[in-house]
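The chains referred to below are lettered A, B, ... by the order of the sequence lines, with proteins before strands, and numbering in each begins at 1. On a predicted model such as this, the values are computed, not experimentally measured, just so you know.
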Protein chains: 2
Amino acid sequence: MADPDPPERRHPPTIYDVARAAGVAPSTVSRAFSRPGRVNAETAERIRRIAAELGYRTNPLARALPTGRTSMLACVIADITNPFYGEIIRGAESAAAEAGYVLLLVDAQESDRQEREALDRALPAVEGVVLTGSRMSDSAIRMTAKQRPTVVLNREVADVPSVVSDNAQGMRMAARHLADLGHRAVTYVAGPEASWADGMRWRSLREAAAELGLRLNRIGPYPPTIPGGTLAAEGVGRQGASAVIAYNDQLAIGLMRGLQAAGVRVPEDVSVVGFDNIFGAELVTPGLTTVAAPLRAQGRAAVRGLISVLGGARPRTAQAVVLPARLVVRASTGGPAPGRGHGRP
Amino acid sequence: MADPDPPERRHPPTIYDVARAAGVAPSTVSRAFSRPGRVNAETAERIRRIAAELGYRTNPLARALPTGRTSMLACVIADITNPFYGEIIRGAESAAAEAGYVLLLVDAQESDRQEREALDRALPAVEGVVLTGSRMSDSAIRMTAKQRPTVVLNREVADVPSVVSDNAQGMRMAARHLADLGHRAVTYVAGPEASWADGMRWRSLREAAAELGLRLNRIGPYPPTIPGGTLAAEGVGRQGASAVIAYNDQLAIGLMRGLQAAGVRVPEDVSVVGFDNIFGAELVTPGLTTVAAPLRAQGRAAVRGLISVLGGARPRTAQAVVLPARLVVRASTGGPAPGRGHGRP
DNA sequence: ACCGGCATGGCAAGCGGTTGCCATCTGTTG
DNA sequence: CAACAGATGGCAACCGCTTGCCATGCCGGT
């Protein structure tokens, strides 16, 4: 019946074990690791050696209790399934690792409630938080920021440090690209109203359009997904525009499909530009022209910022850190066919 | 210079605060939460109420120290950037959340060393580990499993519980699908030699091919990426096969592109089947026929298994939990053109 | 009236580090 | 040679929660 308690998981060695083996007090062992200068160099060396022999590793939990330093950062992702976030996570993870931190990933599943609950569970265990694509309200975010140093990605929240990509510049490049190709009017396909980025992009497009003398329409909002884009295709068809800029790549991809299904050719009849350069943007036919954000750099920047605050720096809340965007031109954009792009028939 | 210590982060209430407010001993408060039956129902209720008023939340770190129960699980991902893992993470995350656990995500960045180090840092803080697409050796994995309950995903390691999708069945379906379309020969494009799944898939294909009377070739190994697939296109061209099954979707997608670039039509000249049904498989032209694994279910199953072990169940190491696969037929497969698929000219 | 047993709550000893403060020793300095 | 500062190590009190064990009170049973 009862098996003879086989490969028992033995207790790992503690500072007490090391102290005994080295003939010093536990506190000395502790200091040998956490406050190197505080103890005689030779003693420290000896302790280190013995600790290594015993296979001692400082228990992060035990350290965390009195000091609050858990060496963990939470990274909240709006939707872990969305490939857009992969590179951000990668960047965050590597910056964290460099600083000896570990990333606690929280998937918000695109839901305010889920996000709150998951964050709540994770919060007490982490030293800081990165919020990306948060669905929470500004005030909820400020609440979080009160409890732990927080950095917001791709969104600006008053009094909370943030890192964003240069939407305005990206949009300007996209608009200029279309104008250069000869388009005279462009339609913006909007994403979720609640999205900070959507507002930002729309505003930037308005400015750019004014500068370039482009006529502008806007349809939406649509869900920022491929089906959402297919939905939008209908609206775009009605507009009769020769060029479209979508809130993000998913929307743009869905849009292209919807258009093509309706017999509209891309880019011959309609040029399409997306945002984000997700994995997949280059896979579709035609390849999607899109505004790429420096995803990995964003992740890094966010974590770096967090860590510097943890190190005692003042959080930079005055204005967001903005990282440059880049226009990736692929086959989904081209010159307008004659007779289109000059407004409704 | 020194700012007047503004919105000070105040210490959150502890069981001591609650105990004082309720006029009981701290131990009673503790029990009111962790061992409900152990304390008088009314007392417990009162304590709960007061705790709620004070905004008390049990500090997971403090709980973890004496008990070792951190309520955290590590999930090691071979490459967080690979969309394949997104759904697995989602499944794992939700199963974990249901059980009150939080996921610590570790990105191995496709590197043995990175994986080891990151895991090492995370290990002491978690109660269990899910390894997906691990790059570590079997013995390294067994080491990990000795330290913490571990479940391996999509790989079998002796003495370590694992969850895999039914590669054999999936492969059989793919092979039969091709046979039904009239193909008489198929080429397998192999992935990394070190990959457990690759070996599994190749073996299964051999069996299926024998059953169905298909002739079989194998080329590779190639890196399991889109560029890897483009590379493979050349080899496939030389084989002159009418149907190809690739180790995974990335390879298959790259392959299709390479083929198309060389003027070979898919599926008219060559049919292509992939594995995994990643985001993107349906975006390419033509849509990729692929063997889909129940990703989310796998993630769930792994975490469920882990949690049951943590709950005292005996780990199921005898044989892997195998989840059914599914063939997703899209446009990349069709009947062979006459004159092809009957072997080399 | 006495005893065993159960329900309930408190005491105190951890869990494994960290750290303020004190004791000791050594080397300076006047 | 006394006074003193700096370097080094130890003591012990935490951090917040868990839990084995004991004390008390109350009940039914004999």
*Residue pairs passing the salt bridge (Lys or Arg N to Asp or Glu O under 4.0 Å) test where at least one lies in residues 111-125 of chain B, sequence neighbours excluded*: A:Arg57-B:Asp120, B:Asp112-B:Arg116, B:Arg113-B:Glu117
Please tabulate, for side-chain N and O atoms in residues 71-85 of chain B, each donor-acceptor pair with protein atoms closer than 3.5 Å (sequence neighbours left out).
from    : atom 1 : to       : atom 2 : distance (Å)
B:Asp79 : OD1    : A:Arg90  : NH2    : 2.5
B:Asp79 : OD1    : B:Thr81  : N      : 2.9
B:Thr81 : OG1    : A:Glu87  : OE2    : 3.3
B:Asn82 : OD1    : B:Phe84  : N      : 2.8
B:Asn82 : OD1    : B:Gln250 : NE2    : 3.3

*Which residues pass the side chain to side chain donor-acceptor pair (under 3.5 Å) test with A:Arg49, sequence neighbours left out?*
A:Glu53
Could you go through nucleotides 7-9 of chain C and list every protein N or O atom that sits under 3.5 Å from one of its N or O atoms, giving the distance for each pair?
from  : atom 1 : to      : atom 2 : distance (Å)
C:dT8 : OP1    : B:Asn40 : ND2    : 3.4
C:dG9 : OP1    : B:Thr43 : OG1    : 2.6
C:dG9 : OP2    : B:Asn40 : N      : 2.9
C:dG9 : N7     : B:Arg38 : NH1    : 3.0
C:dG9 : O6     : B:Arg38 : NH2    : 2.5

*asked:* Between B:Glu110 and B:Arg135, does any NZ, NE, NH1 or NH2 come within less than 4.0 Å of an OD or OE carboxylate oxygen?
replied: yes
*Is any side-chain N of the basic residue among A:Glu98 and A:Arg300 closer than 4.0 Å to the acidic one's carboxylate O?*
yes
*asked:* Quick check on the helix from C:dA1-D:dT30 to C:dG30-D:dC1: what's the angle between its two end axes, five base pairs per end, to the nearest 10°?
replied: 50°
*Got a donor-acceptor contact below 3.5 angstrom from the B:Arg48 side chain to the B:Ala32 backbone?*
yes
*Mind checking whether B:Phe33 and B:Tyr56 have ring centres under 6.0 Å apart?*
yes
*For B:Val129, the option from B:Leu306, B:Ile141, B:Val151, B:Thr150 that meets side chain to side chain contact (heavy atoms under 4.5 Å, CB included)*: B:Thr150
*Which of these passes side chain to side chain contact (heavy atoms under 4.5 Å, CB included) with B:Met136: B:Val157, B:Val152, B:Leu131?*
B:Leu131
*In whole angstrom, what separates A:Arg35's CZ from C:dG17's P?*
16 Å
_Heavy-atom side-chain contact between B:Thr70 and B:Arg63 under 4.5 Å_ = no
Protein N or O to nucleotides 13-17 of chain D N or O, pairs below 3.5 Å:
from   : atom 1 : to      : atom 2 : distance (Å)
D:dC15 : O2     : A:Pro66 : N      : 3.3
D:dG16 : N2     : B:Ala62 : O      : 3.4
D:dC17 : OP1    : B:Tyr56 : OH     : 2.7
D:dC17 : OP1    : B:Asn59 : N      : 3.4
D:dC17 : OP2    : B:Ile15 : N      : 2.6
D:dC17 : N4     : B:Tyr16 : OH     : 3.1

